[in-house]
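Here's the structure we're looking at; comments come further down.
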Protein chains: 2
Amino acid sequence: MSKRVAAPSRSEEVAKRAGVSVATVSRVTNGLASVDKKLAKRVWEAIEELGYVPNPQARALVSGRSRTLGLLVSEITNPFFPELIQSFEDIAGKNDFEVMVGSTNYNYEHARLFIKRLAQRRVEGVAVMTFRAESHLLDELIAQDVPMVSIDVSTNAPRSVVLEVDYAQGITQAVQHLAVLGHRQIAFAGGPMPHLTNLRRKEAFIQAVRSIGLQAKESQIFEGAHTFEGGTLAARHFLDMAVRPTAIICSNDIMAVGVMRILSQRNVKVPGDMSVIGFDDIHLAEFANPPLTTVRMSREDLARNAFNALQLITSSEMKTPHQAIRVGTSLIVRESTNFHAAATRGLRIKRSSSQATARKRS
Amino acid sequence: MSKRVAAPSRSEEVAKRAGVSVATVSRVTNGLASVDKKLAKRVWEAIEELGYVPNPQARALVSGRSRTLGLLVSEITNPFFPELIQSFEDIAGKNDFEVMVGSTNYNYEHARLFIKRLAQRRVEGVAVMTFRAESHLLDELIAQDVPMVSIDVSTNAPRSVVLEVDYAQGITQAVQHLAVLGHRQIAFAGGPMPHLTNLRRKEAFIQAVRSIGLQAKESQIFEGAHTFEGGTLAARHFLDMAVRPTAIICSNDIMAVGVMRILSQRNVKVPGDMSVIGFDDIHLAEFANPPLTTVRMSREDLARNAFNALQLITSSEMKTPHQAIRVGTSLIVRESTNFHAAATRGLRIKRSSSQATARKRS
DNA sequence: TTGTAGGCGTTATCAA
DNA sequence: TTGATAACGCCTACAA
């Protein structure tokens, strides 16, 4: 109820008011059982009246725990990340942790500076939520011996955990979804292959296509940039092929939007003439025209798992080191995919890896 | 060069190694002039060799300064904010401040919790970068007597500064841009008027329209939500009017995208049949089809001014209290605006507020 | 169950 | 200019 001004009160004042020692106040605020109920109540009242809040700096100093976590993303302005940041901060906040958010901006120096600040502030753990394997960065963190969780790329450092994204899950759903709609010429527009995540997405695609008995032709796989322009290039490539694909899976939503722009310019209707699928499920996907069918990678899952992993490492000293945590992906069907007239005759859909009938296109 | 592991070194170790006292080490790290050059050099060497980094918690404890700032936004996932957050963190980081980022999520309780955490962590200032006048929140902050900077809504608190966004600047540019293109029936799709920012945008529009000698008819002003759906509603409203506008200015980019969706569905070409202008200049604007002409409110300006204001309050005790800082807006012309065939005959464009010739539409 | 007192790593005050 | 040393606010043996 009461509002103090300026100088926050100290435990000593609380102690005085409650007629106990500061030690008892400390015990109460830390929930140690060994406090007489009556005293505890008096202390809580004093705390309430004074609006006392323990000084986290003093706490950190004596306990050696900063109750601060680091979160490193690629760019805050990349629409994939805000939701991840939000989720991570929420769960961290609920557990009384603050989080320092920083970005690599795809720039090693920029990232290094941030990591330096993390170390200075004595963070208790860092979540490296970037999709480029910045192994130098990981090394830097490892050298500081700070608990770490990363995506896809595992390290052999003792206090680190990796989040393994199951790209295959969602991409397989995407391919099967298209197959059910009658598509047999399915193309893939991927990102730069040096990056592990893109390689895995591509491989998941190839795997998925084969598993329904289709071939994964080289010409139907385009390697470009994960950008709008990358999408336009991919679209042009596929459109100019002798045998046009009837569907394009992009390894990123923004590429898909680029693809759709070119299709629109060339008067190729989506989804009438061409189905398009994205990856990530950023906001943009929903507002695209038409709304984009896409593979969702849940930022909430990523964040929660990252936080929990960090807690695990810090607390239980990890009996099972180098443990990997799986994070799923799943298809979100919107309006950019549909039946394709020219590719109607049935395909046998199957989930196992046994043989399926591949057919020639007429 | 050298990498330590685990336990960071303390100033005492540095002192020992350099053969000085901890006091001298402190003087060196804080750049106090009164240190012998030779000694200082020895200290720096020791610092380097040990990889010593001052413990910020201890520093904060004794200095009473947390070197932490708070940043409150509406939602991190709203594409307007990430750039603002990024800029704010960058400039703060460069000045050795950390920042705690939180969101209201348009939910008072959620915001209150965040503010509580800010107070607990003893932030030295808070930037309230939200566009709804959450005056309760401001009061909460004021009660804690923490330096504060807010947008649009000024308080009479001693240690607070307001950032006055000059909506009129960009909106006037937008209206004049349309006028030059021959538009005379210009409509405005605004957000909920209870919010000061929306009111100001609308008033800026009315002012701008009048200043070029046109009337601002009630029917040409739509009040809706700052959402995609809000845009669709606005578009329907305007499309169904007896005298259709030839251009629509939206007080938000996402509305503009909603407007364009309906236009596309009704086969109204943008910009051929209808020009559309947004507000904010979020990423989405660039990727819209066609790319959206919009009024940009610079997040970088906002962030920089907010940070500087906070510094000002904290340091110089502000000789001029309740000072307001102006932040400009400006038109970014892309492809959603153009000449309108049916509205060709010239308008006299003028920048001053003198009379202009208004003409009847034929 | 409670209180006393030492220490966490710095900075700031005072002598020297 | 430098060095002891007392804070800063809290936690945690250890004693009572």
Q. Between D:dT12 atom P and A:N30 atom CG, what is the distance in whole Å?
A. 7 Å
Q. Would you say B:L310 and B:F88 make side-chain contact, with heavy atoms under 4.5 Å?
A. yes
(Q) Taking any heavy-atom pair under 4.0 Å as a contact, classify A:V25: base, sugar-phosphate, or nothing. (A) nothing
Q) 5'-most contact on DNA chain D: B:K37 or B:A58, nearest heavy atom basis? A) B:K37
(Q) Could you tell me how far apart B:D96 (CG) and C:dT10 (C1') are, to the nearest whole angstrom? (A) 16 Å
(Q) Which label fits B:F131 and B:F80: parallel for a plane angle under 30°, tilted from 30 to 60°, or perpendicular past 60°? (A) perpendicular
Q: Would you indicate which nucleotide in D:dC10, C:dA12, C:dT11 comes nearest to any side-chain atom of A:Y52?
A: D:dC10
Q. Under 4.0 Å between a side-chain N/O of A:S21 and OP1 or OP2 of C:dT2, yes or no?
A. no
Q: Whole angstrom is fine here: how far is it from CG in B:L61 over to P in C:dG7?
A: 17 Å
**Q.** Between D:dC10 (P) and A:R67 (CZ): distance, integer Å
**A.** 16 Å
Q) Taking only side-chain nitrogens and oxygens of A:R59, does any of them come within less than 4.0 Å of OP1 or OP2 of D:dC10? A) no
Q | Candidate nucleotides C:dT11, D:dT2, C:dG9, ranked by approach to the side chain of B:R27 - the nearest | A | D:dT2
Q) What nucleotide, of D:dC10, C:dT2, D:dC8, holds the atom closest to the side chain of A:S34? A) C:dT2
Q: Nearest whole angstrom, please: distance from the C1' of C:dG9 to the CD of A:Q120.
A: 15 Å
**Q.** A:E300 atom CD, over 12 foreign heavy atoms within 6.0 Å
**A.** yes
Q: Ignoring backbone atoms, test whether B:N55 places a side-chain nitrogen or oxygen under 4.0 Å from the OP1 or OP2 oxygen of C:dC8.
A: no
Q) Do the side-chain N or O atoms of A:S11 get closer than 4.0 angstrom to the phosphate oxygens (OP1, OP2) of D:dC10? A) yes
Q: Tell me what A:T24 touches on the nucleic acid: a base, only sugar-phosphate, or nothing, going by heavy atoms under 4.0 Å.
A: sugar-phosphate
Q. What are the two closest heavy atoms between A:D152 and A:V165, and how far apart are they?
A. OD1-N, 3.5 Å
Q | Protein-nucleotide distance (A:R65, atom CZ; D:dC10, atom C1'), rounded to Å | A | 16 Å
Q | Euclidean distance, atom CD of residue B:Q57 to atom P of C:dT10 [Å, nearest integer] | A | 10 Å
Q. What's the closest nucleotide to the B:V35 side chain, out of D:dT2, C:dG9, D:dC11?
A. D:dT2
Q | Selection from D:dG3, D:dT12, C:dT2 that lies nearest to any side-chain heavy atom of A:L39 | A | C:dT2
Q.
Taking atom NE2 as the centre, does A:H110 end up with more than 12 heavy-atom neighbours from other residues, nucleotides or ligands that are less than 6.0 angstrom away?
A. yes
Q: Could you please name the option among D:dG3, D:dT2, D:dT12 that lies closest to any side-chain atom of A:A23?
A: D:dT12
**Q.** Whole-Å distance separating the CG atom of A:L32 from the C1' atom of C:dT1
**A.** 12 Å
Q: Tell me which nucleotide among C:dT11, D:dT1, C:dG3 gets nearest to the side chain of B:V22.
A: C:dT11
Q: Tell me yes or no: between the side chains of B:T130 and B:T104, is some donor less than 3.5 Å from an acceptor?
A: no
